[in-house]
> 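Mind looking over this structure? Questions follow.
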Amino acid sequence: MVHLDDIIALQQLDREGMLGHVAALSHQCRGAWALVRDLELPAHHRQADRVLIAGMGGSAIGGDLAAAVAADAGSLPIVVHRDYDLPAWVDGRTLVIGSSYSGETEETLAVFEAAHERGCPLVAVTTGGRLAQWAGRWQVPLVSFGYRSMPRAALGYLFLSLLGILRAVGAVGDLEGDLQEALSLLEGRGPELAPDSPQVQNPAKQLALALYGRVPIVVGVGPLAPVARRWKSQFNENSKGWACFEVLPEMDHNALAGLHFPAGAAGQFCVLFLEGQGLHRRNRLRLDFTQEILAGQGVPCRRVPVGGESKLAQVLLGVQLGDYVSCYLAALYQADPTPIADIVHLKQRMSAGA
Ligand code: PA5
């Protein structure tokens with residue numbers, strides 16, 4: 001097994017530099033914010049009374065994170081939509097944001113086109129593709145960035161671009177203070193999590209070792225619910241492994257009943273409870289009780305303190321930690337975190353079968 005303090009081995013496995021993109025999260029956030037901090041949108045957009053963010057995979061999760069940040073302070077309902085059809089409730093007062101790194105994702109394009117036909121105010125977030133072309137043709141506001149990576153590795157750009165758009169329509173308040181907190185914590189924490197930080201003092205490496213050979217089940221609550229989802233998909237795409245996520249309090253109403261079969265399964269998992277500030281006091285109690293019940297059934301469990309005060313800081317710190325863990329777990333499995341051959345293959349089959 002690769003030793004996680006063997007930097008040369010890590011670099012040899014990480015041929016396309018995923019760890020470098022993880023390290024660049026705060027840099028990406030700064031770049032994206034510079035693009036959108038002064039964004040102004042037309043009156044039709046500002047009059048919207050709800051928001052639908054259309055995206056898939058690495059281009060959708062930023063929408064979930066943005067909705068979580070907006071949940072307390074925002075004035076508009078925000079729905080993240082991951083499918084082809086435009087929901088019937090979407091009308092001319094629904095702001096529809098198409099979010100696609102490549103600008104070529106068929107589900108996102110289908111929703112964006114239908115929203116255009118329905119007369120919705122639109123904004124596109126992308127690096128190019130048909131999404132950018134259509135935005136130009138239809139004279140739709142476009143947030144375009146040139147960061148070159150896999151879509152999921154550009155989360156700083158995708159997430160902060162969405163937040164900037166939401167701020168421009170009043171769906172989130174002034175985020176400057178929270179963003180400064182988040183960036184300073186991200187940059188302060190980075191060295192402890194980086195590849196040259198030794199295992200004994202690197203929480204990301206320690207978590208990867210705890211997960212090796214097990215199926216991670218990541219549990220989030222409040223603003224950390226979408227972070228749990230991000231961890232799950234990073235374990236899939238970067239580490240090339242099975243992973244699940246659960247959300248409290250919902251999991252106490254179903255998942256908790258499913259710990260018994262198949263026999264021996266409980267010991268194959270490792271449940272990670274992401275823990276942040278400002279939880280509803282009943283959810284804090286649930287976290288304790290749920291962990292006790294799982295541990296009592298022989299399920300290995302760990303608390304993962306995320307840090308940060310504001311929701312924005314919490315979600316970004318949670319993403320940073322999970323992204324590092326997924327890359328270290330990839331190294332333990334001797335997998336290159338960047339390529340996603342099965343997803344590419346499926347997309348090719350879908351295009352050929354069109
Ligand atoms: O991480 C990935 O590469 C995928 O989850 C993509 O984000 C997803 O397939 C959608 O593609 P795009 O982000 O280009 O819209």
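Owing to the predicted nature of the structure, the values given are computational and were not obtained by experimental measurement. Indexing begins at 1, ligand by ligand and atom by atom, following the structure's order.
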> If you take all heavy atoms of Pro195 and Leu10, which pair is closest and at what distance?
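The answer is CB-CD1, 3.9 Å.
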> Output, in order, the C-alpha distance, side-chain angles, deciding distance and verdict of side chain to side chain contact (heavy atoms under 4.5 Å, CB included) for Met18 and Arg152.
CA-CA 10 Å; Met18 183 61 81; Arg152 63 188 181 281; 3.5 Å; yes
> Just need the protein heavy atom nearest to atom 14 (O) of ligand 1, so name the residue and atom and give the distance.
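Result for atom 14 (O) of ligand 1: Ser102 OG, 2.6 Å.
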> For Arg189 and Gln320, does a side-chain donor sit closer than 3.5 Å to a side-chain acceptor?
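Side-chain D/A pair, Arg189 to Gln320: absent.
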> Answer with yes or no whether Met56 contacts ligand 1, where contact means a heavy atom under 4.0 Å from a ligand atom.
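Heavy atoms of Met56 do come under 4.0 Å of ligand 1.
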> Check ligand 1 against Lys347 and write out every atom of the ligand that is under 4.0 Å from a heavy-atom position of the residue.
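That gives atoms 8 (C), 9 (O), 10 (C), 11 (O) of ligand 1.
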> Find all atoms of ligand 1 within a distance of less than 4.0 Å from any non-hydrogen atom belonging to Ile340, and give their numbers and elements.
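Atoms satisfying the 4.0 Å criterion: 3 (O).
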> So do the side chains of Glu16 and Asp336 get within less than 4.5 Å of each other, counting heavy atoms only?
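Answer yes - side chains close enough.
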> Looking only at protein heavy atoms, which one is nearest to atom 13 (O) of ligand 1, and what is the separation?
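Ranked first by proximity to atom 13 (O) of ligand 1 is Ser59 OG, 2.5 Å.
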> Can Trp231 be reached from Phe273 by stepping across I, L, V, M, F, W or Y side chains whose heavy atoms are under 4.5 Å apart?
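They do not share one cluster, since no chain of ILVMFWY contacts under 4.5 Å joins Phe273 to Trp231.
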> Looking at atom 7 (O) of ligand 1, what's its closest protein heavy atom, distance included?
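The protein heavy atom lying closest is Gly58 N, 2.9 Å.
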> Does ligand 1 have a heavy atom under 4.0 Å from the side chain of Glu237, from its backbone, from both, or from neither?
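The answer is the side chain.
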> Evaluate whether atom CH2 of Trp242 has more than 12 neighbouring non-hydrogen atoms of other residues, nucleotides or ligands under 6.0 angstrom away.
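Atom CH2 in Trp242 is not crowded, with 12 or fewer foreign heavy atoms closer than 6.0 Å.
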> Hey, which atoms in ligand 1 end up nearer than 4.0 Å to a heavy atom of Thr105?
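So the answer, numbered in order with elements, is 10 (C), 11 (O), 12 (P), 14 (O), 15 (O).
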> Looking only at heavy atoms, is any part of Glu104 under 4.0 Å from ligand 1, and if so is it the side chain, the backbone, or both, or is it neither?
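Looking at Glu104 and ligand 1, no heavy atom falls under 4.0 Å.
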> Only heavy atoms of Gly57, strictly under 4.0 Å: list the atoms of ligand 1 that pass.
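Answer for ligand 1: 5 (O), 7 (O).
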> Relative to the heavy atoms of Ser100, which atoms of ligand 1 are at a distance of less than 4.0 Å?
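Selected atoms, number and element: 12 (P), 14 (O), 15 (O).
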